[in-house]
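Reminder, nothing fancy here: chain letters follow the sequence lines and each chain counts from 1.
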Protein chains: 2
Amino acid sequence: MRLDDAVGRLSALAHPSRLAVFRLLVQSGPEGLAAGAIAERLEIAPPTLSFHLAQLASAGLVASRRDGRSILYSADFTAAGELVAYLYENCCAGGCEPAVHLPPVRRADRRTEP
Amino acid sequence: MRLDDAVGRLSALAHPSRLAVFRLLVQSGPEGLAAGAIAERLEIAPPTLSFHLAQLASAGLVASRRDGRSILYSADFTAAGELVAYLYENCCAGGCEPAVHLPPVRRADRRTEP
DNA sequence: AAGATGTTTCGATATTTCTAGAATTCTCGA
DNA sequence: TCGAGAATTCTAGAAATATCGAAACATCTT
């Protein structure tokens, strides 16, 4: 992952509404949520939300698909994971293991690489 | 960590120069680097670098201390770790363990500790 | 086909961010 | 104390971002 890609994803998340949207989509899982539902839930005017969703999509953090009249947005977990990995490797390397403390997810699937 | 704090730190890192600065400071370890050294290394005009360092400091991501004529900046590993943890918990929860794959830094490893 | 619903695009404005030259502050050595 | 070195602050203009009403677009229902 290049620095510019990381900056793009960080910029996309560096706004209260967009971070809230992304968190909500993460909570909503792979099915995602309709734009209208997001707007109502977070009390964001539809055009404004559309603008923010476009930014998240442009950064590759969310995907969209039409479902009837609605458009469902869902978090791209791979992209989010890549960003976290980038930050962990580039902005924590050597110094901040103690603070990370990632217990909420099981480590059962840990890779066994040489 | 509140959402607004996360946004503050994300915003601080969401700029090519600032992300480069922070990476450099992480690589430089706890001793840090003088502002002039950073400016020279990354080819950033001093006033511009000062502006970016102030943003990073304001977000709590870097600390500074005077050393003679120089001012040394160093990464705040705790703050960085908190941000990574926040993203991991709020933006990955349940979906992106595979992508994270954090092998580059071994946990509970305390190498080259003098 | 017409109307209703969900979403985006357009347009105009307000706000924030970025950049770097000039001037200023602080510190050290002579 | 003076001059030089290191960094910041001041300043102002350019660029990017944010907001949302109005209008347009796509889709469903009747």
Side-chain angles (χ1 to χ4, degrees), chain A residues 3-25 28 31-76, chain B residues 3-25 28 31-76:
Chain A
L3 182 135
D4 285 344
D5 299 321
V7 168
R9 295 185 190 178
L10 289 168
S11 297
L13 294 176
H15 184 286
S17 295
R18 287 198 295 268
L19 185 53
V21 166
F22 192 72
R23 286 183 61 186
L24 182 57
L25 290 179
S28 301
E31 314 98 78
L33 228 52
I38 302 170
E40 184 183 8
R41 192 87 167 266
L42 301 179
E43 299 181 354
I44 302 174
T48 301
L49 175 64
S50 204
F51 168 79
H52 289 311
L53 285 171
Q55 303 243 67
L56 288 167
S58 163
L61 285 167
V62 306
S64 63
R65 66 183 195 282
R66 184 172 277 280
D67 174 32
R69 278 186 281 232
S70 298
I71 294 184
L72 299 180
Y73 283 87
S74 53
D76 185 322
Chain B
L3 182 136
D4 285 345
D5 299 321
V7 168
R9 295 184 190 178
L10 289 168
S11 297
L13 295 176
H15 184 285
S17 295
R18 288 197 296 269
L19 185 52
V21 166
F22 192 70
R23 287 183 62 186
L24 182 57
L25 290 180
S28 302
E31 312 97 78
L33 227 52
I38 302 172
E40 185 182 6
R41 191 87 167 264
L42 301 179
E43 298 182 352
I44 302 173
T48 302
L49 176 64
S50 207
F51 167 79
H52 289 310
L53 284 171
Q55 303 245 81
L56 287 168
S58 164
L61 285 168
V62 305
S64 64
R65 66 184 195 283
R66 183 173 277 280
D67 174 34
R69 280 187 276 233
S70 298
I71 294 184
L72 299 181
Y73 283 86
S74 53
D76 185 321

Candidates D:dA22, C:dT7, D:dA18 - which lies nearest the side chain of A:H15: D:dA18
Write down the distance between CG (A:L19) and C1' (D:dT17), rounded to a whole number of angstrom. 17 Å
For atom CD1 of A:I44 and atom P of C:dG6, their distance in whole Å: 17 Å
Can you identify which nucleotide, out of D:dA18, C:dA22, D:dA4, has its nearest atom closest to the A:H52 side chain? D:dA18
Within the side chain of B:S28, is there an N or O that forms a donor-acceptor pair under 3.5 Å with the backbone of B:L24? yes
Just to confirm, is there a sub-4.0 Å distance from OP1 or OP2 of D:dA6 to any side-chain nitrogen or oxygen of B:R66? no
Comparing nearest nucleotides in DNA chain D, the 5'-proximal residue of the pair B:Y73, A:F51 is B:Y73
To the nearest angstrom, the CZ-P distance between A:R65 and C:dG6 comes to 17 Å
N/O (side chain, A:S70) to phosphate O (OP1/OP2, C:dT7) under 4.0 Å: yes
Taking only distance into account, with no hydrogens and no angle test, what donor-acceptor pairs under 3.5 Å do side-chain atoms of residues 59-73 of chain B form with protein atoms, sequence neighbours excluded?
residue : atom : partner : partner atom : Å
B:R65   : NH1  : B:E31   : O            : 3.2
B:R65   : NH2  : B:E31   : O            : 3.1
B:R66   : NH1  : B:G68   : O            : 3.1
B:R66   : NH1  : B:R69   : O            : 3.4

side-chain N/O A:T48 vs D:dA18 OP1/OP2, d < 4.0 Å: no
Are the side chains of B:R18 and B:F51 in contact, using a 4.5 Å heavy-atom criterion? yes
First encountered from the 5' end of DNA chain C, between A:P46 and A:R69: A:R69
Between C:dC18 atom C1' and B:L56 atom CG, what is the distance in whole Å? 14 Å
Is A:A54 touching bases, backbone alone, or none of the nucleic acid, heavy atoms closer than 4.0 Å? nothing
Rounded distance in Å - CG (A:L53) to C1' (D:dA18): 14 Å
How is B:S50 classified with respect to the nucleic acid when contacts are heavy atoms under 4.0 Å: base, sugar-phosphate, or nothing? base
